**Student:** 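A single structure is presented below for examination.
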Amino acid sequence: MKCVNPLLLAGFLATATSVQANDLNKVIDKSSAINESAQITQTKIDSIADSMQSRLQKFKTLNKEIDGLAVYNAQLDKQIQNQLDEMNAINASMDQVSVIERQITPLMLRMITGLEQFVALDIPFLSKERQARIASLKDMMERADVTSSEKFRRVLEAYQVEVDYGRTIEAYTALLDVDGKEREVDFLRIGRLELLYVTKDGSLAGSWNQDSKQFVALDDTSISQINKGLRIARKQLAPDMLTLPVHASE
């Protein structure tokens, strides 16, 4: 057996150890570089994953908004269609209004003529006021700045005034030809049943005779009842029974 020089062996071992240490350092360095690269790569992956998650969330949000807009648009389509239907109905109504307007004007003219004839045949109370109302209606019918609906309303209003006369009691003062002399008298109207008068001095009284179309004198016994009726009409006396002559129609 050969003897190994201890010095050579020690040198060899030292050299081998140095080589291994260098290799190990290289391995460690490589491992560190790999870890760092892996860490950087993982960071990038995490960043990409977060970005994808954020984009996915935005995508879901946009999809919800799109769904909401689709529902909203469908509702708008229904509203627009309803408005179009309503416009068509309004257009049809306007056509009907034109037809009605052409028909209602002659009707109103006939109503005014009928009212004028009625006033002329009625007992002659408030003659000037009633005739002026009819004249105003005639003038109104020729005006273009008054709508047909307003014209019709005023004609009906005039009719209502005439209807109210038949169920009210009224006292008013006016001039009347009494025995060939114009005198100021107090008139008492009781619906359309009676139209009576008494002179201011209380000396003369009379009532309208619808058959003869003139006032006829009353005796003195009626004057107190007429004065009582005047006070009732003026709300100066509580309603009470009146004893007055009534002309029976033949």
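The structure displayed is predicted, hence computed values, not measured ones.
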**Student:** Which pair of heavy atoms, one from L115 and one from A158, lies closest together, and at what distance?
**Tutor:** CD2-CB, 3.8 Å
**Student:** May I ask you to check if R192 and F125 form a cation-pi contact, with NZ or CZ under 6.0 angstrom from the six-membered ring centre and within 45° of the axis?
**Tutor:** no
**Student:** Quick check against the 3.5 Å criterion: does Q225 have a side-chain atom that pairs as donor or acceptor with the backbone of L244?
**Tutor:** no
**Student:** Identify the heavy atoms of G202 and I223 that sit nearest to each other, and give their distance.
**Tutor:**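 Between these two residues, the closest heavy atoms are O-CD1, 3.4 Å.
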**Student:** How far apart are the closest heavy atoms of E162 and R133, and which atoms are they?
**Tutor:** OE2-NH1, 3.9 Å
**Student:** State, yes or no, whether a side-chain contact exists between D164 and Q160 at a heavy-atom distance under 4.5 Å.
**Tutor:** yes
**Student:** Hey, are R153 and E150 close enough for a salt bridge, meaning a charged N less than 4.0 Å from a carboxylate O?
**Tutor:**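 Here R153 pairs with E150 in a salt bridge, since their nearest N and O are under 4.0 Å apart.
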**Student:** With a 4.5 Å cut-off on side-chain heavy-atom distances among I, L, V, M, F, W and Y, is there a chain of contacts connecting V119 to M108?
**Tutor:** yes
**Student:** Heavy-atom count check: over 12 atoms from other residues, nucleotides or ligands less than 6.0 Å from E86 CD?
**Tutor:**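 No - once you tally the heavy atoms of other residues, nucleotides and ligands closer than 6.0 Å, there are 12 at most.
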**Student:** Output yes when a side-chain donor or acceptor of S47 lies under 3.5 Å from a complementary backbone atom of T43, and no otherwise.
**Tutor:**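 Here the side-chain-to-backbone pair does not exist.
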**Student:** Using the rule that Ile, Leu, Val, Met, Phe, Trp and Tyr join whenever any side-chain heavy atoms are under 4.5 Å apart, tell me whether V146 and I134 fall into a single cluster.
**Tutor:**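 Same cluster: V146 reaches I134 through Ile, Leu, Val, Met, Phe, Trp or Tyr contacts under 4.5 Å.
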**Student:** In Å, rounded to the nearest 0.5 Å, how long is the span from CG of N227 to CG of L237?
**Tutor:**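 Between atom CG of N227 and atom CG of L237 there are 11.5 Å.
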**Student:** Can you name the residues that form a salt bridge (charged side-chain N to carboxylate O under 4.0 Å, His left out) with R183, not counting sequence neighbours?
**Tutor:**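 Counting only residues at least two positions away or on another chain, R183 forms a salt bridge (charged side-chain N to carboxylate O under 4.0 Å, His left out) with D201.
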**Student:** Strictly below 4.0 Å, N to O, side chains only: are E142 and K138 in salt-bridge contact?
**Tutor:** no
**Student:** Could you state the interatomic distance from CD1 (I45) to CD (Q42), rounded to the nearest 0.5 Å?
**Tutor:** 5.0 Å
**Student:** With rounding to the nearest 0.5 angstrom, report the OH to CG distance, Y165 to D122.
**Tutor:**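 Answer for the OH-CG pair, Y165 versus D122, is 10.0 Å.
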**Student:** To the nearest 0.5 Å, how far apart are CZ in R234 and CG in L188?
**Tutor:**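 Rounded to the nearest 0.5 Å, the CZ-CG separation comes to 9.0 Å.
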**Student:** Quick one: does L242's side chain get under 4.5 Å of I226's, heavy atoms only?
**Tutor:**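 Counting from C-beta outward, L242 and I226 never come under 4.5 Å.
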**Student:** So, the side chain of Q210 versus the backbone of L121: is there a donor-acceptor pair under 3.5 Å, distance only?
**Tutor:** yes
**Student:** Please report the closest heavy-atom contact between S207 and L196, naming both atoms and the distance.
**Tutor:**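 Closest approach of S207 to L196, heavy atoms only: CB-CD2, 3.8 Å.
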**Student:** Answer with yes or no whether the hydrophobic clustering places Y159 together with L107; edges join I, L, V, M, F, W, Y residues whose side-chain heavy atoms lie under 4.5 Å apart.
**Tutor:**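 Same cluster.
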**Student:** Can you establish whether the number of heavy atoms outside K128 located under 6.0 Å from its atom NZ is more than 12?
**Tutor:**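 No, NZ of K128 has 12 or fewer neighbouring heavy atoms, counting only those of other groups under 6.0 Å.
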**Student:** When clusters are formed by joining ILVMFWY residues with side-chain heavy atoms under 4.5 Å apart, either directly or through shared neighbours, do V185 and I123 land in the same one?
**Tutor:** yes
**Student:** Nearest 0.5 Å, what's the CZ-CG distance between R231 and D240?
**Tutor:**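 Atom-to-atom, R231:CZ and D240:CG are 11.0 Å apart.
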**Student:** Quick check: does any side chain N or O of S136 sit under 3.5 Å from a backbone N or O of A132, one acting as donor and the other as acceptor?
**Tutor:**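 No, because the side chain of S136 does not come within donor-acceptor range (under 3.5 Å) of the backbone of A132.
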**Student:** Rounded at 0.5 Å granularity, tell me how far CZ in F215 sits from CG in N209.
**Tutor:**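 Reported to 0.5 Å precision, the distance equals 10.5 Å.
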**Student:** Find out if a path of hydrophobic residues (ILVMFWY) with successive side-chain heavy-atom gaps under 4.5 Å connects F118 to V161.
**Tutor:** no
**Student:** Can you tell me which residue pairs pass the side-chain hydrogen bond (donor to acceptor under 3.5 Å, both in side chains) test with a partner in residues 168-178, sequence neighbours excluded?
**Tutor:**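 Passing the test, one end in residues 168-178: T168-R189, E170-R189, T173-D186.
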**Student:** So which heavy atom on I169 is nearest to which on A233, and how close?
**Tutor:**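 Distance-wise, the nearest heavy atoms are CG1-CB, 3.9 Å.
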**Student:** Between I112 and E116, is there a side-chain heavy-atom distance shorter than 4.5 Å?
**Tutor:** no
**Student:** Going by distance alone, is a donor N or O of one side chain under 3.5 Å from an acceptor N or O of the other, for Q81 and D85?
**Tutor:** yes
**Student:** Looking at side-chain heavy atoms only, is the closest gap between L156 and M111 below 4.5 Å?
**Tutor:** yes
**Student:** Give me the atom names and distance for the closest heavy-atom approach of A174 to F187.
**Tutor:** CB-CE1, 3.8 Å
